[in-house]
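A quick write-up on the structure given underneath.
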Amino acid sequence: MQLEVKGTVANIIYRNEENGYTVLSLDTTDGDDIVCVGSFPTLSVGTVLQAQGKVAVHKQYGEQLQVETYKVCDPTNKEGIVKYLSSGLIRGVGEKTATNIYAMFGEDTFGVIENNPAALAKVKGISMRKAMEISNAVAELKDMQNQIMFLQSYGISVNLSVKIYNMYKEQTKRTVSENPYKLIDDIDGVGFLTADKIAQSMGHVNDSAFRVRASIVYSLKDSAEKQGNTFLYFDDLMQRCSALLGLNLEDYGEMVENTITKLVLEPTIKVFQVDGVRCVALSRYYALEKSIASRLIRLNRDAKRIMMDVDSLVANFEKVHNISFHASQLGAVKSALINGVTVITGGPGTGKTTIIKCIAEILGAHGLRLEFCAPTGRAAKRMAQSTGKDAKTIHRLLGYEAQGDRMVFKYNRNNPLSCDVVVVDELSMVDVSVMYSLLQALNNGTRIVLVGDKDQLPSVGAGNVLADVIRSGVIEIRYLTHIYRQSEDSLIVSNAHLINKGKMPEFNNHSKDFFFINTDDVGVVASTTVQLVTKRLPNFTKLQPKEIQVLGALKGGISGVENLNSLLQKAINPPMYGKHEVAVGKSIFRVGDKVMQTVNNYQLAYVKYNEDGTVEQGEGVFNGDIGYVQKIDRANGIVEVAFDDNRIASYGEHELSDLQLAYAITIHKSQGSEFDAAVVTLVNGPPTIINKNLLYTAITRAKKAVVLVGSKRVLAMMIHNNYIATRTTNLMRFLQEENGSFNKYFGVFSTDSAED
């Protein structure tokens with residue numbers, strides 16, 4: 001139900017100064033008291049608001065007005081004027097001074113403050129300087145409110161209006177009026193369609209240079225963020241831009257070329273050729289890949305030779321740990337001890353972890369300082385458990401710090417890490433931005449061992465680092481093909497390799513870890529999944545339901561991740577008297593729920609309770625972090641989430657939209673994680689998603705048991721669908737170019753890369 005109200009702000013219940021999110025109590029002119037929720041610029045008790053929005057009934061907090069548009073009005077009575085002036089927004093004006101001002105000027109108080117501020121000096125206790133300060137403060141507040149109302153007049157939501165104002169301040173109206181498309185560059189979450197809608201409402205023409213420029217920048221940015229491309233072929237870029245603009249850009253050749261020239265000179269983009277074909281990249285991604293290539297070649301050549309008897313050291317490791325390395329494993333260990341950069345790639349059960357452990361023990365015994373890292377917290381934790389060494393996320397290794405909505409690293413080119421060797425696991429997940437930051441923080445001469453599965457899904461972010469490094473042929477690559485981790489009644493590992501080869505998995509009634517339930521009914525898929533998680537697998541594996549992870553390819557549908565989360569929450573953590581919960585959009589979070597962070601938030605505060613009893617405070621939670629709701633403070637609107645690595649983060653209501661239930665997650669979100677047991681739903685979908693690569697990734701997430709639930713036809717279709725979206729990236733080419741240049745000036749050194 002839509003509602004428009006006018007009243008005076010009686011109480012600020014909650015406010016976040018960073019984004020303007022506010023919960024306030026409004027005394028309406030009708031004598032009612034209503035709670036208003038939304039994003040506002042600076043407000044104070046006593047402010048008169050005319051607000052419009054949708055009335056919603058919150059399960060815990062009752063009726064609320066979710067404000068969509070509002071207007072700030074001057075208070076007209078004594079109580080309102082005194083409250084407004086003494087609210088704390090105007091420095092040095094308390095209730096006594098505010099009362100004295102009203103006593104002299106009455107209802108004309110704001111007219112005097114704005115038009116004749118010198119008259120304020122007649123009030124006892126106010127100097128001429130103070131009078132000017134009061135006038136300026138009121139003028140700034142009014143300007144801010146006017147800027148917000150200007151944005152709202154063009155259909156911009158309150159939340160977005162506050163974001164825009166916080167970026168441009170007093171220049172908001174001028175900046176947005178001149179070029180609404182600038183919002184795409186400056187405001188997180190504003191895409192071309194939003195900016196274009198604003199521009200159209202302001203009367204900007206369809207074929208303006210601003211509009212063409214915005215379509216180019218947005219298309220490159222959107223392609224990087226959604227498809228992982230670090231550049232686009234010119235013809236592809238023009239097709240994307242034409243679709244956005246609704247124009248045939250072939251008719252605007254001169255304008256397009258002039259716009260591209262300006263973007264190159266800024267420099268926002270880079271224009272280059274690949275095999276004689278014109279290409280365009282955002283300058284940032286072009287520079288990142290160029291630097292990665294340069295650093296890898298330099299690190300590969302600058303590694304200091306370590307004097308050691310490798311064969312005897314490896315033999316001793318085998319004896320101590322009662323193992324025998326396969327030739328491919330032995331080659332990988334030797335390569336990591338000899339070369340500056342080594343890539344070790346292999347599927348599950350091929351010994352990647354054992355190799356890392358061997359490298360760590362040998363180099364550590366020789367006094368070398370090692371660092372172990374992975375792109376996610378779960379992957380780092382698993383690395384630490386399997387190697388017995390301390391392992392961190394790449395972000396924590398580099399010492400990330402939040403600066404506004406940006407992230408900077410303590411360790412960088414000017415302040416490198418103090419280590420001799422860095423081992424990176426799950427490299428397939430690492431995008432070009434993270435890889436660049438890591439390499440920048442390494443001294444020349446540092447060894448780096450890159451470990452990953454080339455057949456896993458590529459990184460969510462831009463680039464294709466692992467695949468490009470392998471395809472370049474200029475870095476030592478060691479392929480692990482011999483399967484170790486396999487017992488007679490275990491099928492997870494062998495079936496993963498069968499699927500990777502395009503073959504149907506083996507179904508064996510005697511298997512203890514790999515099962516398939518065949519059904520074509522998506523409703524049965526959903527109900528069976530719930531039964532497996534809540535009863536059948538806990539009885540079979542002795543795991544708790546929350547320890548069993550459901551993985552799906554799609555979000556929507558009866559057996560999609562979103563509906564499965566709702567069903568599983570109802571079965572595992574139902575509502576109960578005394579158990580607090582909070583509604584966020586269509587979701588409900590309650591104490592005990594399994595949740596996942598869906599975006600990087602570098603500023604969210606956490607407290608970490610370490611195993612040694614120390615307490616660590618910091619900031620930052622990351623996309624893919626999984627935890628449990630442990631406390632909901634309804635009075636203050638705070639939700640505490642305990643993550644797997646003992647961090648406890650406190651979420652305000654405005655940050656809860658970054659969380660989602662995690663009883664079921666998409667396979668893409670599971671990258672870098674490993675679960676004791678997994679249930680994988682198999683449902684039909686687009687062939688660009690439902691493919692072998694996705695299924696292989698899902699199965700390799702499980703350690704002790706995996707159950708596939710769905711159609712055998714869909715299973716066969718996925719296994720025989722080799723579709724992998726090709727990413728257009730520069731790293732392979734840059735590596736080859738950098739290696740050629742290095743060889744030209746410093747001589748050729750054989751890398752002897754081979755598949756053992």
Side-chain angles (χ1 to χ4, degrees), residues 2-30 32-54 64-91 93 98 101-102 105-115 117 133-174 176-177:
Q2 289 291 124
L3 180 67
E4 184 172 338
V5 295
K6 185 176 181 180
T8 303
V9 177
N11 183 28
I12 305 291
I13 300 169
Y14 173 82
R15 177 157 178 88
N16 182 289
E17 293 297 341
E18 290 179 5
N19 58 21
Y21 180 85
T22 307
V23 181
L24 60 87
S25 175
L26 192 72
D27 284 341
T28 70
T29 52
D30 296 332
D32 296 326
D33 183 36
I34 187 168
V35 174
C36 296
V37 178
S39 289
F40 299 87
T42 305
L43 285 177
S44 68
V45 172
T47 300
V48 177
L49 281 183
Q50 185 174 324
Q52 186 176 23
K54 188 179 294 182
Q64 296 179 339
L65 179 66
Q66 296 175 342
V67 178
E68 295 169 353
T69 62
Y70 73 92
K71 179 181 178 182
V72 177
C73 310
D74 286 338
T76 56
N77 57 29
K78 177 181 179 181
E79 182 183 10
I81 291 172
V82 171
K83 274 188 175 181
Y84 183 89
L85 293 177
S86 62
S87 63
L89 293 178
I90 303 171
R91 192 174 64 179
V93 177
I101 293 173
Y102 181 82
F105 302 112
E107 294 181 2
D108 194 33
T109 293
F110 284 101
V112 172
I113 291 174
E114 291 175 36
N115 303 313
E133 287 178 356
I134 293 172
S135 178
N136 289 336
V138 171
E140 287 176 9
L141 284 171
K142 289 219 166 189
D143 177 67
M144 173 189 63
Q145 291 156 357
N146 288 334
Q147 303 266 14
I148 296 289
M149 285 188 283
F150 160 77
L151 294 173
Q152 287 183 270
S153 70
Y154 288 100
I156 304 174
S157 70
V158 175
N159 288 359
L160 184 54
S161 295
V162 173
K163 266 189 176 182
I164 295 169
Y165 178 79
N166 286 341
M167 171 61 70
Y168 302 131
K169 299 297 183 183
E170 67 276 2
Q171 299 298 319
T172 296
K173 185 176 180 178
R174 182 183 65 80
V176 177
S177 297

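Predicted, not measured: the structure shown is a model, and the values here were computed from it.
Summarising the geometry, atom CD belonging to E4 is positioned 11.5 Å from atom CD belonging to E68; distances are rounded to the nearest 0.5 Å. Atoms CZ and CG, from F110 and L85 in turn, are 5.0 Å apart once rounded to the nearest 0.5 Å. Considering CG of N166 and CE of M144, their distance stands at 9.5 Å, rounded to 0.5 Å. Atoms CG and CD1, on D27 and I34 in that order, are 11.5 Å from each other to the nearest 0.5 Å. Between atom OG1 of residue T172 and atom CG of residue D143 there is a gap of 8.0 Å, rounded to the nearest 0.5 Å. Interatomic distance, CG of N11 versus CG of D33, reported as 9.0 Å (0.5 Å rounding).
Here the closest non-hydrogen pair linking A98 and V82 is CB-O, 3.8 Å. Closest approach of K54 to Q2, counting heavy atoms only: CB-OE1, 3.7 Å. When all heavy atoms of L65 and A51 are compared, the pair lying nearest together is CD2-CB, 4.3 Å.
The 12-atom threshold is not exceeded at NZ of K78, counting heavy atoms of other residues, nucleotides or ligands nearer than 6.0 Å. Surrounding CD of Q171 are more than 12 heavy atoms belonging to other residues, nucleotides or ligands, all under 6.0 Å away.
Taking the side chain as every heavy atom from C-beta outward, Q147 and L151 never approach each other to under 4.5 Å. S177 places a side-chain heavy atom less than 4.5 Å from the side chain of F150.
Using a distance-only test at 3.5 Å, with no hydrogens or angles considered, a donor-acceptor pair links the side chain of N115 to the main chain of G111. The backbone N or O of V35 lies less than 3.5 Å from no partner atom in the side chain of S25, so there is not a single donor-acceptor pair.
Applying the side chain to side chain contact (heavy atoms under 4.5 Å, CB included) test between V37 and each of V67, T22, V23, I13 identifies V23 as the sole match.
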Could you go through F40 and L24, starting from their C-alpha distance and side-chain angles, then the distance that decides it, and tell me whether this counts as side-chain contact (heavy atoms from CB on, under 4.5 Å)? CA-CA 10 Å; F40 299 87; L24 60 87; 4.1 Å; yes
After noting the C-alpha distance and the side-chain angles of I148 and Y70, does the key distance pass the side-chain contact (heavy atoms from CB on, under 4.5 Å) rule? CA-CA 9 Å; I148 296 289; Y70 73 92; 3.2 Å; yes
